[in-house]
4 protein chains.
Amino acid sequence: MAKIPSAAPQRAAPKRINRSVVLQAGLAAFSLKGFNGASMRDIANEADTSLSNLYNYFPSKTFLLAQLLLDTGTDLYERLEAAVSGAEPRPTAQLAAAVTSYIGFIVDKPQASIVGISEIRYLEGPSRAEVTEVRDLTEQLFRRILADGNASGEFATGYPHDAARAIVTLCSAVSNWYRPEGRLGQQELAERYVEFSLGIARAH
Amino acid sequence: MAKIPSAAPQRAAPKRINRSVVLQAGLAAFSLKGFNGASMRDIANEADTSLSNLYNYFPSKTFLLAQLLLDTGTDLYERLEAAVSGAEPRPTAQLAAAVTSYIGFIVDKPQASIVGISEIRYLEGPSRAEVTEVRDLTEQLFRRILADGNASGEFATGYPHDAARAIVTLCSAVSNWYRPEGRLGQQELAERYVEFSLGIARAH
Amino acid sequence: MAKIPSAAPQRAAPKRINRSVVLQAGLAAFSLKGFNGASMRDIANEADTSLSNLYNYFPSKTFLLAQLLLDTGTDLYERLEAAVSGAEPRPTAQLAAAVTSYIGFIVDKPQASIVGISEIRYLEGPSRAEVTEVRDLTEQLFRRILADGNASGEFATGYPHDAARAIVTLCSAVSNWYRPEGRLGQQELAERYVEFSLGIARAH
Amino acid sequence: MAKIPSAAPQRAAPKRINRSVVLQAGLAAFSLKGFNGASMRDIANEADTSLSNLYNYFPSKTFLLAQLLLDTGTDLYERLEAAVSGAEPRPTAQLAAAVTSYIGFIVDKPQASIVGISEIRYLEGPSRAEVTEVRDLTEQLFRRILADGNASGEFATGYPHDAARAIVTLCSAVSNWYRPEGRLGQQELAERYVEFSLGIARAH
DNA sequence: AATGAATGAGGATTCATTCAT
DNA sequence: AATGAATGAATCCTCATTCAT
């Protein structure tokens, strides 16, 4: 005889989630409303789970933000690293590769990009230091390219340090206004920003 | 001899404030904690007045933010306008004047600058439209200079529209990291950012 | 024309409360359910006000407890002091006065008495120190009487310090079981506890 | 030679616990933070097991408390019973034995002693009745001794019933302040409290 | 204008408990 | 027995705002 579930009241099967679902929900909520504007309830709704269940995955909202920022920063850095490593050794090619890759990251992960620039202000203590550290790696990567370019004569900025920061700033700020349905496709966008970056690198 | 008030119990004289005190307090609070992170109580403390008294000057927290953003945007635009008007008519000089003036604004009003870029996301409805409008004026100002420069041959970017946006972005982002006690003084900072901007304008 | 209140929806007149209403509500709630068992909502209900309004009077639940314990401890000490001061100078009379007064306090303020002994464990930091200090004054008062009695020969305990603590303990613990409707009236109760206390003071 | 488990990934051996581990953990937690202040998580941590595993041993937090109070009350009563049975039949010796034994219990099991007096308020229903019953046995034991002493002329209190309660109270309250590292050792403590108790018993 | 009291909704987090494995 | 994931109610407290004075 086939078992028929009794008519007794049954609670709905619990929806199993996992850490990455929560991370993604946090990204969605934070990118939409900001760290302080998004509530844990927002995140729970986004993750389609209960509020309290979030705390099985992250001990606090702040910790969740920290993890997101760390993941995002690391992800970005690794992409840049890989792109630069795979490019021709000439600084011009390397800068182009780095900028193209950066724009690619923003297009691929717009939410992470927005959270990555906007919400670090709300992080304090050791988490902040960790995130800052990764972020600094990215800037160093650009600094090295600029220094190499200056040395080889391909670039000519008198302030490679500041130029590196300017280029990083320029790229990262794209996430503030980029919309997939916008005027520019990823490739055009990248080409233009490569040009702007080279302009900065060669300015004197 | 001045009359000494009698020993009879008297309440402390209410502290008179005014609209601009509240605006400044809002700027301080929002720049420090963000729009959602700062409470009306924070603002009241900063303004050294009572919480409820704030509502004699602004009908809501959102309205206060709107006013701040509008004031800031207008202020910035007028500074840029004046600087450009006062500069030589050649696009290079005008771009230099505009960038220098922008950096000057950030150095003079760091709190307003931070709030100006970071908190517009939290504005909706007609207020947002107004603020966006002023902001667009600023971008137009740069667009015009770039177009003029392209026409005169001083600049050479193929994408004057995007270049203008890039330059505005570049300047405004300075407020995210500028510290008065930092490595660079206002003048050096301005000079370098003029160079970077010209680099962008001439990139091709 | 007499003003007739319009039919428009009106909110109920807000119930004005004051600090002592909150204190009394806290006493009721804590004595019934204990500090951790009583919620701020319980207290608000008892005070017939809104939960959030409590925070206009006390910054935290812990602070409310601290105030209650301090008030109670001070009140008790002052009663004892007054009773002893008003009694004959002989130690026997003084001890009798102190014990009688202590019992009177418990009968008059059973809630405060219960909270006073049971909930000090949940206080930490400087508040706790303050409360402990007042409590120590009370014990000192008994110590002095016992020492005097030993000196005069009326008492005979070899351990006046411990005897004082024992007597205080004995009195305060009455609040754990005393019920107004119980077998013993206040006077009988006091008489018996005076006898027990003298028994302790004379034990050797 | 014992087999070394292969390097294949394996979960850590689940930590086997038992009922008495949970009881002890509950004692530790409740004595430190009180029934309402201690969470099941606290208890699980103390027992070094998982939260949900606790429910394999006790159906609820309240049930755990009930068991603790019952065990403690029974344990104390049996100790007192044994001590009194083993003592000389004279009431003075019996009271001394009971008090000494009570103090011994507090010194041996300070956590149980604290929980035993402080947390019974949080028990309701039949469990409470059970615990109260055992507790009453203890008081009866003292009452009987006092009655015997009055009959034999060794004691003289006019209120043996209240004196018994007072003595029990006096002893049990020791757990509120006793610290092993304190001024008094167990023996001195016991001697003094025997003296105080005899003082009460003889008071008239 | 200015205040302090009041409110109801909502903030993050923890609670005791249960379920599936 | 043991675990970790899940839940819904409750925790303390803060929020923006309004009211009475």
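Keep in mind the model is a prediction, meaning the values are calculated, not measured. Order of the sequence lines fixes the chain letters, A, B, ..., with proteins taken first and strands second; residue numbering starts at 1 for each chain.
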d([atom1], [X]; [atom2], [N]) in whole Å:
X: D/Phe58; N: F/dA1; atom1: CZ; atom2: C1'; answer: 14 Å
X: A/Asn18; N: E/dA20; atom1: CG; atom2: C1'; answer: 17 Å
X: C/Leu54; N: E/dG4; atom1: CG; atom2: C1'; answer: 15 Å
X: B/Asn45; N: E/dT3; atom1: CG; atom2: P; answer: 12 Å
X: D/Ile43; N: E/dT17; atom1: CD1; atom2: C1'; answer: 13 Å
X: B/Asn56; N: E/dG4; atom1: CG; atom2: C1'; answer: 13 Å
X: D/Tyr57; N: E/dT17; atom1: OH; atom2: C1'; answer: 18 Å
X: C/Asp48; N: E/dA6; atom1: CG; atom2: P; answer: 11 Å

Residues two or more places apart in sequence or in another chain: which of them pass salt bridge (charged side-chain N to carboxylate O under 4.0 Å, His left out) with [X]?
X: A/Asp42; answer: A/Lys33
X: D/Glu46; answer: none
X: A/Arg121; answer: B/Glu119

F/dT7 phosphate, OP1 or OP2, under 4.0 Å from A/Thr49 side-chain N/O: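 True: A/Thr49 side-chain N/O within range (under 4.0 Å) of F/dT7 OP1/OP2.
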Distance test, side-chain N/O of C/Arg16 to OP1/OP2 of F/dA20, below 4.0 Å: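 It does not, given that no N or O in the side chain of C/Arg16 lies less than 4.0 Å from OP1 or OP2 of F/dA20.
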Strictly under 3.5 Å: I want the nitrogen or oxygen pairs between protein and nucleotides 12-16 of chain F, one per line.
| unit_1 | atom_1 | unit_2 | atom_2 | d |
| --- | --- | --- | --- | --- |
| F/dC12 | OP1 | C/Ala38 | O | 3.4 |
| F/dC12 | OP1 | C/Met40 | N | 3.4 |
| F/dC12 | OP1 | C/Lys61 | NZ | 2.9 |
| F/dC12 | OP2 | C/Met40 | N | 3.1 |
| F/dC13 | OP2 | C/Tyr55 | OH | 2.7 |
| F/dC13 | OP2 | C/Lys61 | N | 3.0 |
| F/dC13 | O5' | C/Tyr55 | OH | 3.4 |
| F/dA16 | OP1 | B/Ala38 | O | 3.4 |
| F/dA16 | OP1 | B/Lys61 | NZ | 2.8 |
| F/dA16 | OP2 | B/Met40 | N | 2.9 |

Any residue meeting side-chain hydrogen bond (donor to acceptor under 3.5 Å, both in side chains) with B/Glu130, in chain and number order, not counting sequence neighbours: none
Residues forming a side-chain hydrogen bond (donor to acceptor under 3.5 Å, both in side chains) with B/Asp75, sequence neighbours excluded: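 Partners of B/Asp75 under the side-chain hydrogen bond (donor to acceptor under 3.5 Å, both in side chains) test: B/Lys109.
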Rounded to 10 degrees, the angle between the two terminal axes of the helix from E/dA2-F/dT21 to E/dT21-F/dA2, each from five pairs: 10°
Side chain C/Asn53 and base E/dA5 donor-acceptor under 3.5 Å: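 Looking at the base of E/dA5, it does not pair with any donor or acceptor on the side chain of C/Asn53 (distance under 3.5 Å).
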Donor-acceptor contact present, side-chain B/Arg19 to main-chain B/Phe58, <3.5 Å: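 Checking the backbone N and O of B/Phe58 against the side chain of B/Arg19, no donor-acceptor pair under 3.5 Å is found.
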N/O donor-acceptor pair under 3.5 Å between C/Arg128 side chain and C/Tyr122 backbone: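 Not at all, since once roles are kept as given, no pair shorter than 3.5 Å links the two residues.
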Can you give me every donor-acceptor pair (side chain of residues 59-70 of chain B, partner residue at least two apart or in another chain, under 3.5 Å) with its distance?
| unit_1 | atom_1 | unit_2 | atom_2 | d |
| --- | --- | --- | --- | --- |
| B/Ser60 | OG | B/Thr62 | N | 3.4 |
| B/Ser60 | OG | B/Phe63 | N | 3.1 |
| B/Lys61 | NZ | B/Phe35 | O | 2.7 |
| B/Lys61 | NZ | B/Ala38 | O | 2.7 |

Counterpart residues, side chain to side chain contact (heavy atoms under 4.5 Å, CB included), relative to D/Thr72 (two or more places apart):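 Result, side chain to side chain contact (heavy atoms under 4.5 Å, CB included) vs D/Thr72: D/Phe105, D/Ala112.
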